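Just so it is clear, the structure is predicted and the values come from calculations on it, not from any experiment. Chain letters run A, B, ... following the sequence lines, proteins first, then strands; residues in each count from 1.
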Number of protein chains: 2
Amino acid sequence: MAIIQSLARGLEILDLLANADNGMGITEFAQHLDIDKSSASRLLHTLASYGYTEQDADTRRYTLGPRILTLSNSVLNRMPLRDHARPVLAKLTHATGECSHMAILSHGKALYIDQVESPSILRVETEIGTMSPLHCTALGKILLAFNRLPIPQTLNSYTPRTITNPAELELHMVQVRKQGYATDDEEHVLGVRCLAAPVYGFRGRVLGAIGISGPSGRMTYEKLPELADYIIELVTDLSHRLGSMQ
Amino acid sequence: MAIIQSLARGLEILDLLANADNGMGITEFAQHLDIDKSSASRLLHTLASYGYTEQDADTRRYTLGPRILTLSNSVLNRMPLRDHARPVLAKLTHATGECSHMAILSHGKALYIDQVESPSILRVETEIGTMSPLHCTALGKILLAFNRLPIPQTLNSYTPRTITNPAELELHMVQVRKQGYATDDEEHVLGVRCLAAPVYGFRGRVLGAIGISGPSGRMTYEKLPELADYIIELVTDLSHRLGSMQ
DNA sequence: AACTATGTTGCGTATTATACAACATTATCG
DNA sequence: CGATAATGTTGTATAATACGCAACATAGTT
């Protein structure tokens, strides 16, 4: 289909600027795009008037402007995480037979944004759109640990196994970061064990967490390491596709 | 100077997309920009072919594309401050419950480069990448006072509380420098109070400002000193890590 | 299955972006 | 420090280009 020339040239200018450490001058742009200085000048002026570039008052050279941050913030705030992650959840549930979830951090809680149900009769149901505490769920612990959030000082108890001592949780978080996955050993709901791993995006940002939940009878201690390895493998692959370098 | 129409329209499309949660369709773009569908279609196609937008294969709706992240990465690489400051913002918001921001000086304005939103329903939203005046915001006052910039002679009034007298603002700046923090007592937006403190770098350079904003109902006069102490403590710690000796 | 809404393609026209040139301003070099 | 080179901005005429109209294609709805 048709390409709008002047818009295309503007976008090429932005691309050039992304790789120019000390900004660029009009003449350079004109050379790179093989256009006249006057055209380059007007294109840059247009970009600048919308905040996409900035002109240094002294050197007259152009750099990328602050508006870029608005856009990227918008992208980062609602990554198409869910779209990309859904096949991973399906795969997870298919391979493990347990319910898989995805959550992101939202207002200091774990917000469940997607789920694939286990085919088993005995299964864990979590409604999408609900929020869970961070300190006693596998997904929540991942979000807490890898976003390096401060440990809440009041930790509600849900079961006898819930960690309610902030200092203890702090140590627990160190361990979670070290091993790369988190567990919930009946700390939120009795009889339910969970496993989760972090999803990384661009610049190593932790976009969310993905994990599985199942009855303790099936999620035995013996199986946990193997399950964890499998989750980490799938989620790491997803992270790479999302632009993570790790 | 002359604005290149089709480039300008492309940039406006990006702006629209930054505020569209579920993407936008061609018809919507055409309506918003008051142009024909065909023109919108071609503009979007051009943006997509450069990776600035993405078209969902199913719904055909457009969203911001991954190229934006490349650009922002380039911008952020030249702002090392942001990486270090983010955890501080997270901590601030967690402790105070209010939205925290960071701003740097840019073209005589306060440029918001990062933000952590308040978990509260009633909260102050400031878009990253936008600029605010220096004389009537807490972050701006910090930048004005500690960079020892000349006081602008024309001070726009935003609320009845905005300081519009240069001489009065001059005295105010002396006070800000003396106490080490700045307040904005409904001087920019009615019902919103802010607190901010300076971030120092190597050789005592003021790199930027960090602060919180909240509704006056929660940010009461009684609480301000305590909040200010807390902000100064966090920001001073950050300054030391950034190489400040003060 | 008929209809409505939405996105894409073809095409003639005229708006608009372009290159050329002159001018203004800032670096660079002797 | 002054002459010269290099760079950025402003008119202007031309022609290329982006535009809107209309027809077509495709998807969603009742």
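With hydrogens and angles ignored, the 3.5 Å screen pairs no side-chain donor or acceptor of A:Asp237 with any backbone N or O of A:Glu233. The backbone N or O of A:Glu28 sits less than 3.5 Å from a side-chain atom of A:His32, completing a donor-acceptor pair.
A salt bridge is defined here as a Lys NZ or Arg NE, NH1 or NH2 lying under 4.0 Å from an Asp or Glu carboxylate O, and B:Asp15 with A:Arg67 meets this definition. Ionic pairing of B:Glu187 and B:Lys141 is present here: one or more N-O contacts between side-chain nitrogen and carboxylate oxygen are shorter than 4.0 angstrom.
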>> Can you build the contact string for nucleotides 25-30 of chain D? Use B for base contact, S for sugar-phosphate-only contact, and - for no protein heavy atom under 4.0 Å.
In response: -S----

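Looking at residues 6-13 of chain B, you'll see B:Ser6 sit with a heavy atom under 4.0 Å from some atom of DNA chain C. Taking every heavy atom of residues 32-46 of chain B and every atom of DNA chain D, pairs under 4.0 Å involve B:Ile35, B:Asp36, B:Ser38, B:Ser39, B:Arg42, by number.
A search for side chain to side chain contact (heavy atoms under 4.5 Å, CB included) contacts involving A:Ser38 returns A:Asp36, A:Arg42, not counting sequence neighbours. The side chain to side chain contact (heavy atoms under 4.5 Å, CB included) check on B:Ala40 picks up B:Ile26, B:Phe29, B:Ala30, B:Ile35, with sequence neighbours excluded. Among residues two or more places apart in sequence or in another chain, the side chain to side chain contact (heavy atoms under 4.5 Å, CB included) test is passed with A:Ala48 by A:Thr53, A:Tyr62.
Side chain of A:Thr27, nearest nucleotide from D:dT9, D:dG8, C:dT8: D:dG8.
When the P atom of C:dT25 is taken as reference, atom CD1 of A:Ile26 falls 17 Å away, rounded to whole Å. The distance from atom CD1 of A:Ile4 to atom P of C:dA17 is 10 Å, rounded to the nearest whole Å. Spacing between atom CZ of A:Phe29 and atom C1' of C:dT18 amounts to 18 Å, rounded to whole angstrom units. Computed from coordinates, the A:Arg61 CZ to D:dA6 P distance equals 16 Å when rounded to whole Å. Atom CD1 of A:Ile3 and atom C1' of D:dA18 are 13 Å apart (whole Å). Spacing between atom CD of B:Gln5 and atom P of C:dT15 amounts to 11 Å, rounded to whole angstrom units.
Annotation: B:Arg241, atom CZ; neighbour count of heavy atoms from other residues, nucleotides and ligands within 6.0 Å is above 12.
As judged by a 4.0 angstrom heavy-atom cut-off over every strand, A:Gln31 is placed among residues making no nucleic acid contact.
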